[in-house]
Amino acid sequence: MSKRRVMTIFGTRPEAIKMAPLVKELEGRHGLESLCCVTAQHRQMLDSVLDIFHIRPDFDLDIMESRQTLSTITTKCLLGLEKVFEQCKPDLVLVHGDTSTTFAGALAAFYQQIEVGHVEAGLRTWDKYSPFPEEMNRSLVGRIAGLHFCPTRSNRGNLAAEGIVKGVFVTGNTVIDALKTTVAEDFRFAQEELNTLDYAGKKIILVTCHRRENYGQPMEDIMSALAYIARTHQEAELVYPVHLSPVVQECAHRHLDGIDNVHLIPPLNVEEMHNLMARCYMVMTDSGGLQEEAPALGKPVLVLRKETERPEAVEAGTVKLAGVAYDDIVALARKLLDDPAAYEKMAHAVNPYGDGQACRRIADAIEWHFGLRGQQPEPFGVG
């Protein structure tokens, strides 16, 4: 029997972090031919992940341009993937999460009547404009996909509420698999500033903030709150790898430049981010991925958004929704900095997102779908 051709498609750093361990898993499956296509929606940040995981894409659309828009990303992906699919004719296309690459990849496959598998399926806020455009991207992909790989049972429930019950697998999140590759006790950072931080004696706060829905007043309030926290807590050191977006760069530097215990640094690659997270005291972020990664490392997370599509972590107690209001952010940060009991409760909560076996379960499910194995994989978190 000829091998089934499975193509993974991704274009941003967060997608690459979560898809890289799956690419490596698929490469080891004898009944599957693994192909990889990147759109390079994010060029530099994507390439660093590919290097770390030793992945050489079979196809690279290289679509990134200065000040690209959602429309240019989507149209370039559609046109580029049309040619790729015509050339290699995959049996299954795998897309991840909720980016414009994800939506365009699923739509391009649908136009060619190629089956789609959605990795990290079933996340919902139920507000199509928040996060924007991610919520609508993942909802539309959910209608196109025939295979749905959900990190949690809650995600499966979201799909069931939309009438999607076939081809659904609960696998855990592949980002937990990635941590096994990236975190090391003897890791050395490329930036010497990070090697010299006092991780034992200081409370290192890792900060990220870049989402489009936070542009404008929400980001102004977030940055103001960070500045206040730094000035009033000299025992803390805020480390903020600032996103390359000009909007984010301008706002961050205007509020945080000149504060001694704030370190505004260039974006970190995945190894550096994971190892900084492993050494920090807590995380303040509007990122989706960090809400899953930090709890696996025992780090409390304050989410700088009004809602989250990852409620499992809130329910488990590893994450608190801080919102975007100045007073709320300051109050929750002070609680974790000043109250050891509150900190320990969050730091020792059980991570609901995975056990490091998500990629194995996804590959097993794909083999089962193609009739290459007799049994479905055991679902994650279902006993």
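Residues that satisfy the side chain to side chain donor-acceptor pair (under 3.5 Å) test with Thr208, not counting sequence neighbours, are Thr285.
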Expected list for residues 362-375: side-chain donor-acceptor pairs under 3.5 angstrom, two or more places apart:
from: Asp364; atom 1: OD1; to: Arg29; atom 2: NH1; distance (Å): 2.7
from: Asp364; atom 1: OD1; to: Arg29; atom 2: NH2; distance (Å): 3.0
from: Asp364; atom 1: OD1; to: Arg373; atom 2: NH2; distance (Å): 3.1
from: Asp364; atom 1: OD2; to: Arg360; atom 2: NH1; distance (Å): 3.3
from: Glu367; atom 1: OE1; to: Arg29; atom 2: NH1; distance (Å): 3.0
from: Glu367; atom 1: OE1; to: Arg373; atom 2: NE; distance (Å): 3.0
from: Glu367; atom 1: OE1; to: Arg373; atom 2: NH2; distance (Å): 3.0
from: His369; atom 1: NE2; to: Glu115; atom 2: OE1; distance (Å): 3.0
from: His369; atom 1: NE2; to: Glu115; atom 2: OE2; distance (Å): 3.3

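Using a 4.0 Å cut-off between charged side-chain N and carboxylate O, Lys299 and Glu293 make no salt bridge. Here Arg212 does not pair with Glu134 in a salt bridge; the nearest charged N to carboxylate O distance is not below 4.0 Å. Salt-bridge formation is detected for the pair Arg305/Glu213: a Lys NZ or Arg NE/NH1/NH2 atom is positioned less than 4.0 Å from an Asp or Glu carboxylate oxygen.
At a threshold of 4.5 Å between non-hydrogen side-chain atoms, the residues Leu50 and Pro57 count as touching. Side-chain contact between Phe169 and Leu147 is present, with heavy atoms from C-beta onward closer than 4.5 Å.
Few gaps surround NZ on Lys24; more than 12 heavy atoms of other groups in view lie less than 6.0 Å from it. Atom CZ of Arg334 is surrounded by 12 or fewer heavy atoms from other residues, nucleotides or ligands within 6.0 Å. Within 6.0 Å of the NZ atom in Lys335, the count of heavy atoms belonging to other residues, nucleotides or ligands does not exceed 12. Annotation for Gln234: atom CD counts as buried by contact number, over 12 foreign heavy atoms lying within 6.0 Å. The environment of NZ in Lys180 is crowded: more than 12 heavy-atom neighbours from other residues, nucleotides or ligands sit within 6.0 Å. The environment of Asp198 atom CG is dense: over 12 non-hydrogen atoms of other residues, nucleotides or ligands sit within 6.0 angstrom. Atom NZ of Lys320 has 12 or fewer heavy atoms from other residues, nucleotides or ligands within 6.0 Å.
When atom types are taken as modelled, the side chain of Asn195 and the backbone of Phe189 share a donor-acceptor pair closer than 3.5 angstrom.
The shortest non-hydrogen separation linking Ile229 to Ala333 is CD1-CB, 3.5 Å.
Between the side chains of Asp221 and Gln217, at least one donor N or O lies within less than 3.5 Å of an accepting N or O. Counting only N and O atoms by type, the side chains of Asn261 and Glu237 include no donor and acceptor under 3.5 Å apart. With hydrogens and angles left out, the side-chain atoms of Thr101 and Glu15 include no donor and acceptor closer than 3.5 Å. Side-chain contact, Asn137 with Asp98: no donor N or O sits under 3.5 Å from an acceptor N or O.
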